[in-house]
Asks: 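Below is a structure I'd like to ask you about.
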Amino acid sequence: MNVLVLTDFSEISEHILKYAGTVLHDREVYFTLLNIQLPCSNFNCRGECKDLTEPKFDKNLKTIKPFLDEKHTIKPLFLEGRYIESIRKTVESHEIDLIILGNSHSYQTSNASELDKKTFDIITKIKCHVLLVSKYSEIKIPEKFVLPTDFSISVDHKLFSIIKQLYSVETSELSVLSLPKSDKMSERQSLTKERINRIVSNLDFEYIKNINAANDNLHTEKMFDSGIIFARNLSIFNRIFSKSHQTAQHISDKHLPMLFLHG
């Protein structure tokens, strides 16, 4: 698996590296550790900007080294250019399967559009699965997943393939959390719900259950330790990062790592 980890050499970047190494400890992974800066305006720079990142990369590599084994390869990459364009090109040229990044706002937002703009743009504009980790996310292998959905977008088996690449789902639980737009689902939503149930039943989770969040009384901090979201499902995206829906907001408030699926 080819994994792109974004770093700005901050404290949260080091936390993300530890999380990535822990979750992917038993997977064969080629990590690309990417730092992006705008092109230098100093014509006399002579590559000094890149040179300045080398000790910072070394520090990042020392952080993740204790979490790596012989199945892991990691290479630093420094790019000058526009942020989203540079990531998109790297995803294509390195055939990236997953992007791992952090969110400086730590999910404390009132609307999805107020989510860290760079983070929001990566999730919505780059066609690649994204694992979003808060600096408060617990460093552990998740075992209890929640998939919030309003069943408004079509899905297929390929969309879920990254889950088994990432996690040992055979010992994990998955809860499909129903967040309907209204009290009554349309025929299309009902069909999508049936399809999702069929697909996830083939993922070999140890236990799968369906939950309706209409009563907003779920104790998400005890029930789940990781979230799965369809990246194209913007209505759910908005509700997760909204203060107007208690259950949905609990998912973000508890700083659950979130896997955004693209496909």
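Values below: every heavy atom of this structure, side chains too, minus hydrogens, waters and symmetry copies.
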Asks: Please find the pair of heavy atoms, one from Cys128 and one from Val91, that lie closest to each other, and give the distance.
Replies: CB-CG1, 4.1 Å

Asks: Answer yes if the side chains of Thr7 and Asn60 hold a donor-acceptor pair under 3.5 Å, and no otherwise.
Replies: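 Distance-only check passes for Thr7 and Asn60.
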
Asks: I'd like to know if the side chain of Asp225 reaches the main chain of Lys144, judged simply by a donor and an acceptor atom lying under 3.5 Å from each other, with no hydrogens or angles considered.
Replies: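 Side chain of Asp225 to backbone of Lys144: a pair is present.
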
Asks: For the residue pair His94 and Leu77, establish whether any side-chain heavy-atom pair is separated by less than 4.5 Å.
Replies: yes

Asks: In terms of hydrophobic clusters joined by side-chain contacts under 4.5 Å, are Leu179 and Leu191 together?
Replies: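 Shared cluster, no.
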
Asks: Answer whether the closest heavy-atom distance between the side chains of Ile16 and Val5 falls below 4.5 Å.
Replies: yes

Asks: Counting distance only, does the side-chain N/O of Arg27 pair as donor-acceptor with the main-chain N or O of Met1 below 3.5 Å?
Replies: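 Answer holds: no.
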
Asks: Could you tell me whether the side chain of Leu17 reaches within less than 4.5 Å of the side chain of Phe31, counting heavy atoms only?
Replies: no

Asks: Can we say Glu85 and Lys89 salt-bridge, meaning some charged N sits less than 4.0 Å from an Asp/Glu carboxylate O?
Replies: yes

Asks: Rounded to the nearest 0.5 Å, what separation is found between the CD1 atom of Ile229 and the CD1 atom of Ile123?
Replies: 8.0 Å

Asks: Measure the spacing between CE of Met258 and OG of Ser137 and express it to the nearest 0.5 Å.
Replies: 8.5 Å

Asks: What I'd like to find out is whether the side chain of Val3 reaches to under 4.5 Å of the side chain of Ile96, using heavy atoms alone.
Replies: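 A side-chain contact under 4.5 Å is absent here.
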
Asks: Can you check whether Phe9 reaches Thr53 side chain to side chain, under 4.5 Å on heavy atoms?
Replies: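 The answer is yes, as the side chains (C-beta and beyond) meet within the 4.5 Å cut-off.
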
Asks: Provide the closest heavy-atom pair for Phe78 versus Phe57 in the form atom of the first, atom of the second, distance.
Replies: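 Result for this residue pair: CB-CE1, 4.1 Å.
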
Asks: Kindly give the heavy-atom pair with the smallest separation between Ile141 and Thr22, and that separation in Å.
Replies: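 Heavy atoms only, the tightest pair is CG1-O, 3.8 Å.
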
Asks: Could you walk me through whether Leu98 and Val130 pass the side chain to side chain contact (heavy atoms under 4.5 Å, CB included) check?
Replies: CA-CA 6 Å; Leu98 175 71; Val130 174; 5.7 Å; no

Asks: Name each donor-acceptor pair under 3.5 Å that joins a side chain in residues 146-154 to protein atoms two or more places apart or in another chain, with its distance.
Replies:
from	atom 1	to	atom 2	distance (Å)
Thr149	OG1	Phe151	N	2.9
Asp150	OD1	Ser152	N	3.1
Asp150	OD1	Ser152	OG	2.6
Asp150	OD1	Asn233	ND2	3.3
Asp150	OD2	Ser152	OG	3.4
Asp150	OD2	Ser235	OG	2.5
Ser152	OG	Asn233	ND2	3.3

Asks: Roughly how far apart are Phe260 CZ and Arg232 CZ, rounded to 0.5 Å?
Replies: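 If we round to the nearest 0.5 Å, Phe260:CZ and Arg232:CZ are 14.5 Å apart.
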
Asks: Step by step, work out the side chain to side chain contact (heavy atoms under 4.5 Å, CB included) result for Glu92 and Arg88.
Replies: CA-CA 6 Å; Glu92 294 173 356; Arg88 185 178 288 116; 3.9 Å; yes

Asks: If we only count heavy atoms from C-beta on, is the Lys56 to Lys59 side-chain gap below 4.5 Å?
Replies: no

Asks: Say you draw a straight line from CD1 of Ile100 to OG1 of Thr32; how long is it, rounded to the nearest 0.5 Å?
Replies: 11.5 Å

Asks: Can you hop from Leu101 to Tyr30 via hydrophobic side chains spaced under 4.5 Å?
Replies: no

Asks: CG of Leu68 to NE2 of His25: how many Å apart, nearest 0.5 Å?
Replies: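 Going from CG on Leu68 over to NE2 on His25, the span is 12.0 Å.
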
Asks: Group every Ile, Leu, Val, Met, Phe, Trp and Tyr by side-chain heavy-atom contacts under 4.5 Å, then state whether Ile84 and Leu6 land in the same group.
Replies: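 Linked within one cluster.
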
Asks: Kindly indicate whether a cation-pi arrangement holds for Lys118 with Tyr83, taking the cut-offs as under 6.0 Å to the six-membered ring centre and within 45° of the axis.
Replies: yes

Asks: Report the residues that fulfil ring pair (Phe, Tyr, Trp, His ring centres under 6.0 Å) with Phe67, sequence neighbours left out, ordered by chain and then residue number.
Replies: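 In terms of ring pair (Phe, Tyr, Trp, His ring centres under 6.0 Å), with neighbours along the sequence ignored, Phe67 is linked to no residue.
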
Asks: What is the minimum heavy-atom distance between Thr63 and Lys18, and which atoms define it?
Replies: CG2-CE, 3.7 Å

Asks: For residues Ile199 and Asn197, determine if any side-chain heavy atom of one lies less than 4.5 Å from a side-chain heavy atom of the other.
Replies: no

Asks: Between Pro142 and Val23, which heavy-atom pair has the shortest distance, and what is it?
Replies: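 Scanning both residues, the minimum pair turns out to be CD-CG2, 4.2 Å.
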
Asks: Can you tell me how far apart CD (Glu28) and CG (Asp69) are? Round to the nearest 0.5 Å.
Replies: 10.0 Å

Asks: Taking distance alone, no hydrogens or angles, what donor-acceptor pairs closer than 3.5 Å link side-chain atoms of residues 162-177 to residues at least two apart or in another chain?
Replies:
from	atom 1	to	atom 2	distance (Å)
Lys164	NZ	Asp204	OD2	2.9
Thr171	OG1	Ser168	O	3.3
Ser172	OG	Ser168	O	3.4

Asks: Considering only heavy atoms from C-beta outward, does the side chain of Ile228 approach that of Phe160 to under 4.5 Å?
Replies: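 The answer is no; the side chains never approach within 4.5 Å.
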
Asks: Kindly give the heavy-atom pair with the smallest separation between Ala231 and His262, and that separation in Å.
Replies: CB-NE2, 3.4 Å

Asks: Is Asp121 salt-bridged to Lys117, cutoff N-O under 4.0 Å?
Replies: yes

